[in-house]
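Order of the sequence lines sets the chain letters (A, B, ...), proteins ahead of strands, with each chain counted from 1. Computed over heavy atoms, backbone and side chain alike; hydrogens, waters and symmetry mates excluded.
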Amino acid sequence: MLGCTAMPVPPQLRYTRAMRMVSKYDFERAFKTGGRARGRSVSLIAAPNGLEGTRLGLSVGKACWKGAVERNRVRRVFREAFRLSYAALPKGCDLILMPATPKLKPDLALVRAELEELAAKAWSKRRTPRPAEAARPTKETP
RNA sequence: CGAGUGGCCCAGGCGACCGCUGCGAAGCCCUCACCGGCUUCGGAGAGGAACGUCCGGACUCCACGGGUCAGGAUGGUUGCUAACGGCAACCGGCCGCGAGGCUAGGGAAAGUGCCACAGAAAACAAACCGCCGCGUUCGCGCGGUAAGGGUGAAACGGUGCGGUAAGAGCGCACCGCAGCCACGGUGACGGGGCUGGCAGGGCAAACCCCAUCCGGAGAAAGGCCAAAUAGGGGGUACUUCGCGGUGAGACCCGCACCCACAGUGCCCCGGGUAGGUCGUUGGAGCCCGCGCGCAAGUGCGGGCCUAGAGAAAUGGUCGCCGCCUCUGGAAACGGAGGGCACAGAAUCCGGCGUACAGGGCCACUCGCAUC
């Protein structure tokens with residue numbers, strides 16, 4: 001048939017304020033305790049947030065792009081990837097996304113694939129604050 | 001038609017679906033209520049430079065007595081403006097056949113400094129080759145000269161005629177220059193008349209002098225609310241202390257305020273951090289018309305509401321069309337992948353500077369052709 005090229009109609013995917021990391025405190029906690037993973041274009045940190053859903057934080061500095069236009073481009077692609085892949089990400093988790101290389105020209109499909117893979121990887125590497133030592137001989141690879 | 005000059009404008013377009021941030025309306029949840037949350041609908045959502053942060057303001061807080069100096073900025077005139085280092089018109093100079101363009105453009109008889117290389121000589125007078133006169137032992141010496149050669153970015157006005165031993169403003173004409181006079185212009189300045197035989201280089205974006213202007217810090221300004229935790233302080237009056245400190249870069253005079261530690265009296269319950277909120281978008285606003293003005297602008301009338309984030313919204317996917325590149329073809333017309341600039345609001349305005357694909361419009365100049 002010729003229906004093979006049609007885009008799959010996406011379900012309702014929201015991205016609301018509750019799904020953002022907003023406070024300085026959240027960022028500091030995530031940087032301190034989160035598990036990290038790095039891919040070709042994305043580098044991410046995952047940390048538990050004690051909530052039902054997953055939240056997103058972006059850290060795109062001037063080291064990546066000097067101009068604001070390209071910096072915004074990176075942020076928007078990252079955010080769109082988060083929105084589209086939300087269902088595939090771990091729950092109850094704060095994710096901080098950073099560009100993995102300077103002068104990154106992000107591609108949405110690649111970023112989505114990496115995001116899903118690295119989120120799972122980083123989530124398993126997180127340091128659980130309370131009952132840490134008890135059951136931790138397992139390695140990160142699923 | 002070709003070449004060019006000046007100015008203005010646009011910043012790929014249309015549609016579908018999924019999202020994001022304010023605003024408005026309705027409904028639901030929570031609540032004593034406010035606040036807050038959710039859903040639906042409606043409507044809005046980056047720029048000409050939003051950029052750099054180079055000037056000028058608005059606004060906010062701080063300071064506020066005066067003098068001299070210091071420091072910074074500006075530099076033709078007249079206007080415009082809230083203001084400006086901006087803009088407009090005009091004047092002078094330089095460039096262009098022209099339309100036009102460029103121009104920090106006050107003072108070098110107040111002082112200091114600099115002027116490389118070349119050249120004889122670079123600022124106070126001189127003379128390398130010459131030219132002329134006299135002398136001569138024919139090597140040259142003495143004197144006159146600054147017209148010619150040569151160097152340079154620049155050499156003690158330029159051209160011509162007379163004059164002379166050769167020459168020189170030595171004399172004359174014109175040009176330049178300086179002084180004086182009246183005229184025109186608000187003015188910068190202009191053109192004119194008379195007089196003078198020439199005064200004696202340039203650089204002031206070198207110091208400097210002159211004239212004019214200038215308090216400081218900035219939205220992380222600043223106002224309000226205010227957890228957790230720590231915790232008793234804060235205000236005020238007086239006493240005490242001095243070549244005391246601060247306001248204020250130096251000094252002088254004056255003034256105001258402050259003074260740890262300590263003592264006394266009175267009054268108050270507050271102060272600070274995270275966080276929240278206001279500031280925060282309606283303004284020297286934009287559009288249209290008319291009047292005034294050469295213009296920059298300005299007055300009046302009418303209409304419009306036009307982004308407000310805060311780890312920071314303005315995005316994603318797809319389709320069609322436009323433009324560019326490559327490519328098939330004689331052409332009509334196709335095909336392929338890629339690209340469509342510079343660049344992202346952060347308190348707000350007025351400018352300047354810088355970046356930039358492609359395209360459109362208007363006026364004018366020169367050349368050629370035609371009528």
Spacing between [X] atom [atom1] and [N] atom [atom2], to the nearest angstrom:
X	N	atom1	atom2	value
A/Arg83	B/G19	CZ	P	6 Å
A/Phe78	B/G316	CZ	C1'	15 Å
A/Arg75	B/C20	CZ	P	19 Å
A/Phe31	B/A311	CZ	P	14 Å
A/Leu110	B/G316	CG	C1'	15 Å
A/Arg29	B/A274	CZ	C1'	16 Å
A/Asp107	B/G338	CG	C1'	15 Å
A/Glu80	B/C318	CD	P	12 Å

Please report the distance separating the [atom1] of [N] from the corresponding atom of [M], rounded so that it comes out in whole Å.
N	M	atom1	answer
B/G43	B/C62	C1'	45 Å
B/A50	B/A343	C1'	9 Å
B/C23	B/U281	P	10 Å
B/U136	B/G201	P	45 Å
B/A154	B/U186	C1'	41 Å
B/A309	B/C61	C1'	26 Å
B/U347	B/G301	C1'	33 Å
B/C35	B/U277	P	14 Å

If you look at every strand shown and take non-hydrogen atoms under 4.0 Å, does [X] touch a base, only sugar-phosphate, or nothing?
X	answer
A/Leu108	sugar-phosphate
A/Arg79	sugar-phosphate
A/Arg73	sugar-phosphate

How about A/Tyr86 and A/Phe82: are their ring centroids closer than 6.0 Å? yes
Does any nucleotide pair with B/C35 by Watson-Crick or G-U wobble geometry, both distances under 3.5 Å, and what is it? none
Please output the side-chain donor-acceptor pairs of residues 107-120 of chain A that fall under 3.5 Å, not counting sequence neighbours, one pair per line with the distance.
from: A/Asp107; atom 1: OD2; to: A/Ala109; atom 2: N; distance (Å): 3.2
from: A/Asp107; atom 1: OD2; to: A/Leu110; atom 2: N; distance (Å): 3.2
from: A/Arg112; atom 1: NE; to: A/Ser85; atom 2: OG; distance (Å): 2.9
from: A/Arg112; atom 1: NH2; to: A/Leu84; atom 2: O; distance (Å): 3.3
from: A/Glu114; atom 1: OE1; to: A/Arg40; atom 2: N; distance (Å): 3.4
from: A/Glu114; atom 1: OE1; to: A/Ser41; atom 2: N; distance (Å): 3.2
from: A/Glu114; atom 1: OE1; to: A/Ser41; atom 2: OG; distance (Å): 3.3
from: A/Glu114; atom 1: OE1; to: A/Val42; atom 2: N; distance (Å): 3.0
from: A/Glu114; atom 1: OE2; to: A/Arg40; atom 2: N; distance (Å): 2.9
from: A/Glu114; atom 1: OE2; to: A/Ser41; atom 2: N; distance (Å): 3.3
from: A/Glu116; atom 1: OE2; to: A/Ser85; atom 2: OG; distance (Å): 2.9

Provide a list of protein-nucleic acid N or O atom pairs under 3.5 angstrom, restricted to nucleotides 340-344 of chain B.
from: B/G344; atom 1: OP2; to: A/Ala68; atom 2: N; distance (Å): 3.3

Derivation of the side-chain contact (heavy atoms from CB on, under 4.5 Å) call for A/Arg36 and A/Phe31: CA-CA 9 Å; A/Arg36 292 166 190 248; A/Phe31 277 121; 4.0 Å; yes
Taking the nucleotide of RNA chain B with the closest heavy atom to each, which residue, A/Arg71 or A/Leu58, is nearer the 5' end? A/Leu58
Minimal non-hydrogen separation, A/Trp123 against A/Ala47, with atom names: CZ3-C, 3.7 Å
